[in-house]
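Since the structure comes first, as structure tokens, the remarks are kept for the end.
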Amino acid sequence: FEATRHALSDEINGLESRQRVEVQDLQDNVTALQSSVAKMCEEALSVQQSGSDRATEAELASRRVEVGMIEAIGQLEQQSATLQELLADVAALQAQGTNRSVEISQLR
């Protein structure tokens, strides 16, 4: 009886020891998985931030192009107005030239 009890006690101690090792292995695996998940979350946030930064850069570039186009249109409108003034001046000078030609012809 004593030998059987001793053998069972040794077997129980061996099972408990293996169980503690397995529990420790499982805890180590859980810790490693938690670390891996945390790392993946950090990478995902970094990628998301990078994508957000790129979208912001693209939006800013688009706005710069838009502002540049508005400025160019403003300059074209200003140049068009100046050209209209010059054409009016040329027409006035042509009219004066025609009037002087008529006056010179009349004087002859």
Side-chain angles (χ1 to χ4, degrees):
F1 177 74
E2 192 61 35
T4 303
R5 194 178 77 119
H6 188 66
L8 287 174
S9 178
D10 286 347
E11 190 174 333
I12 289 172
N13 287 338
L15 288 173
E16 287 176 345
S17 177
R18 273 187 270 150
Q19 195 175 33
R20 279 192 295 274
V21 169
E22 288 176 8
V23 167
Q24 185 60 48
D25 287 347
L26 287 173
Q27 287 176 336
D28 291 346
N29 288 342
V30 166
T31 301
L33 285 172
Q34 287 173 333
S35 175
S36 179
V37 167
K39 206 175 277 188
M40 285 189 274
C41 287
E42 287 174 11
E43 290 174 5
L45 285 173
S46 175
V47 167
Q48 182 182 17
Q49 183 62 44
S50 176
S52 177
D53 290 347
R54 287 190 186 124
T56 300
E57 289 172 11
E59 185 177 335
L60 289 174
S62 174
R63 297 225 177 167
R64 282 192 293 270
V65 168
E66 185 179 345
V67 167
M69 290 175 65
I70 290 169
E71 289 174 352
I73 290 170
Q75 289 175 356
L76 286 172
E77 288 173 344
Q78 187 177 20
Q79 290 173 354
S80 176
T82 302
L83 182 57
Q84 292 297 325
E85 290 172 7
L86 289 173
L87 289 174
D89 290 346
V90 166
L93 289 172
Q94 285 176 336
Q96 286 178 356
T98 302
N99 289 341
R100 295 238 167 106
S101 292
V102 169
E103 290 173 6
I104 290 172
S105 296
Q106 289 175 348
L107 289 175
R108 288 187 188 164

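Sequential numbering from 1 along the given sequence is applied to the chain's residues.
- Between the side chain of Ser17 and the main chain of Asn13, no donor-acceptor pair closer than 3.5 Å is present.
- Expressed to the nearest 0.5 Å, how far CG of Leu76 lies from CG of Leu83 amounts to 11.5 Å.
- Under the 3.5 Å distance criterion, the side-chain polar atoms of Thr98 are matched with a main-chain donor or acceptor of Gln94.
- The hydrophobic cluster containing Ile73, built from Ile/Leu/Val/Met/Phe/Trp/Tyr side-chain heavy atoms closer than 4.5 Å, comprises no other residue.
- In Gln96, the CD atom is crowded: over 12 heavy atoms of neighbouring residues, nucleotides or ligands sit closer than 6.0 Å.
- Here side chain to side chain donor-acceptor pair (under 3.5 Å) pairs that include residues 39-49, with residues two or more places apart or in two chains, are Gln49-Asp53.
- Annotation: side chain to side chain contact (heavy atoms under 4.5 Å, CB included) contacts of Met69 (sequence neighbours excluded): Val65.
- Note that CG of Asp25 and CG of Asn29 are 6.5 Å apart. Values are rounded to the nearest 0.5 Å.
- Judged as a side chain to side chain contact (heavy atoms under 4.5 Å, CB included), and not counting sequence neighbours, the contacts of Val37 are Met40, Cys41.
- The salt bridge (charged side-chain N to carboxylate O under 4.0 Å, His left out) analysis of residues 2-24, with sequence neighbours excluded, yields the pairs Glu2-Arg5.
- For residues 62-91, the set of pairs meeting the side chain to side chain donor-acceptor pair (under 3.5 Å) definition, not counting sequence neighbours, comprises Glu59-Arg63.
- Scanning for side chain to side chain contact (heavy atoms under 4.5 Å, CB included) contacts around Gln27 gives Val23, Gln24, with sequence neighbours left out.
- From Arg54, atom CZ reaches atom OG of Ser52 across 11.0 Å, with rounding to the nearest 0.5 Å.
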